[in-house]
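Numbering starts at 1 and runs along the sequence shown. This one's a predicted model, so the numbers in the text were calculated from it and none came from an experiment.
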Amino acid sequence: QAQLVESGGSLVQAGGSLRLSCADAGRTRTTYAMGWFRQAPGKEREFVAAINWHGGSTYYADSVKGRFTIYRTNTKNTVYQQMNNLKPEDTAVYYCAASNSYSGYERASRYDYWGQGTQVTVSS
């Protein structure tokens, strides 16, 4: 099974950039679709972005379109999320997830494995 490990979270000023990484330490397969979700204090976990197993299709929440980019390496064992023009409302714990599904990536229920999360804090 996938063993997802996120990294790259940090404190950054508004307008700054960060790149999150998610590695599959289990290296069991490369055909998972991958997604990023986030959860701010007192709020429900929400979809941020997803990429299908071969990297040909990407999906974004409206709130991050044009600012965040999700991509994966050729080996497909690592997925990244480049986050530009960060805003204070982007502050949250960001979770990486892996899915055996082929659709519905905006729904957390479609994912089979989750990482532990990495904190992103954007100061104003």
Side-chain angles (χ1 to χ4, degrees):
Q1 64 181 29
Q3 299 174 20
L4 305 178
V5 180
E6 303 100 332
S7 61
S10 183
L11 170 65
V12 64
Q13 288 189 331
S17 298
L18 283 175
R19 189 181 75 163
L20 304 183
S21 301
C22 174
D24 179 4
R27 293 187 174 270
T28 53
R29 53 184 284 192
T30 60
T31 55
Y32 292 117
M34 301 295 293
W36 287 97
F37 286 74
R38 66 187 181 187
Q39 187 166 19
K43 295 187 177 181
E44 294 186 353
R45 189 170 298 190
E46 65 174 1
F47 169 75
V48 178
I51 187 168
N52 67 352
W53 71 271
H54 57 79
S57 296
T58 56
Y59 311 84
Y60 297 95
D62 288 343
S63 59
V64 306
K65 280 180 181 176
R67 300 188 298 121
F68 290 13
T69 302
I70 187 172
Y71 59 100
R72 60 197 304 166
T73 62
N74 289 337
T75 63
K76 300 184 177 66
N77 281 329
T78 302
V79 64
Y80 301 93
Q81 179 164 272
Q82 177 66 41
M83 306 186 297
N84 298 328
N85 190 23
L86 283 160
K87 304 175 181 180
E89 53 263 42
D90 295 318
T91 295
V93 177
Y94 283 71
Y95 296 91
C96 172
S99 172
N100 289 304
S101 301
Y102 293 93
S103 64
Y105 300 134
E106 71 281 1
R107 301 200 298 270
S109 60
R110 303 292 282 182
Y111 292 82
D112 303 281
Y113 307 103
W114 292 82
Q116 293 300 307
T118 185
Q119 176 71 47
V120 172
T121 303
V122 184
S123 64
S124 57

Could you tell me which non-hydrogen atom of N100 sits nearest to which non-hydrogen atom of Y102, and how far apart they are?
O-CE1, 3.7 Å
Donor-acceptor under 3.5 Å (E6 side chain, C22 main chain)
no
By side chain to side chain donor-acceptor pair (under 3.5 Å), S57 pairs with (sequence neighbours left out) none
Under the criterion side chain to side chain contact (heavy atoms under 4.5 Å, CB included), I'd like the reasoning laid out for D24 against L4: C-alpha separation, chi angles, the key distance, then a yes or no.
CA-CA 5 Å; D24 179 4; L4 305 178; 4.1 Å; yes
Nearest atoms (heavy-atom pairs only) where Q81 meets A49:
OE1-CB, 3.5 Å
Is there a donor-acceptor pair closer than 3.5 Å between any side-chain N or O of Y105 and the backbone N or O of T58?
no
Hey, what else clusters with Y71 if you join Ile, Leu, Val, Met, Phe, Trp, Tyr whenever side-chain heavy atoms sit under 4.5 Å?
Y80
Can you run down the salt bridge (Lys or Arg N to Asp or Glu O under 4.0 Å) pairs that involve residues 96-115, sequence neighbours left out, and say none if there aren't any?
none
State, to 0.1 Å, how close V5 and A25 come at their nearest heavy-atom pair, and which atoms those are.
CG2-CB, 4.4 Å
Residue pair S124 / A14: nearest heavy atoms and the distance that separates them:
CA-CB, 4.3 Å
Show me the side-chain donor-acceptor pairs of residues 83-97 shorter than 3.5 Å, one per line, residues at least two apart or across chains.
residue	atom	partner	partner atom	Å
N84	OD1	S17	OG	2.9
N84	OD1	Q82	NE2	2.9
D90	OD1	R38	NH1	2.9
D90	OD1	R67	NH2	3.0
D90	OD2	R67	NH1	2.8
D90	OD2	R67	NH2	3.4
D90	OD2	K87	N	2.8
T91	OG1	P88	O	2.9
T91	OG1	V122	N	2.9
T91	OG1	V122	O	3.4
Y94	OH	R38	NH1	2.9
Y94	OH	D90	O	2.6

Holding to ring pair (Phe, Tyr, Trp, His ring centres under 6.0 Å), I want the full list of residues that pass it with F47, two or more places apart in sequence or in another chain.
F37
Could you measure the distance from the CE atom of M34 to the OG1 atom of T78? Nearest 0.5 Å is fine.
8.5 Å
Among pairs that include at least one residue of residues 34-71, which meet disulfide (SG to SG under 2.5 Å), considering only residues two or more places apart or in two chains?
none
K65: which residues meet the salt bridge (Lys or Arg N to Asp or Glu O under 4.0 Å) condition with it, sequence neighbours left out?
D62
Distance from Y60 atom OH to I70 atom CD1, nearest 0.5 Å?
6.5 Å
Between the main-chain N or O of N52 and the side-chain N or O of R72, is there a donor-acceptor pair closer than 3.5 Å?
yes
Taking side chain to side chain contact (heavy atoms under 4.5 Å, CB included) as the definition, give me every residue that meets it alongside S10, ordered by chain and number, with sequence neighbours left out.
L18
Could you list the residues that satisfy ring pair (Phe, Tyr, Trp, His ring centres under 6.0 Å) with F68, not counting sequence neighbours?
none
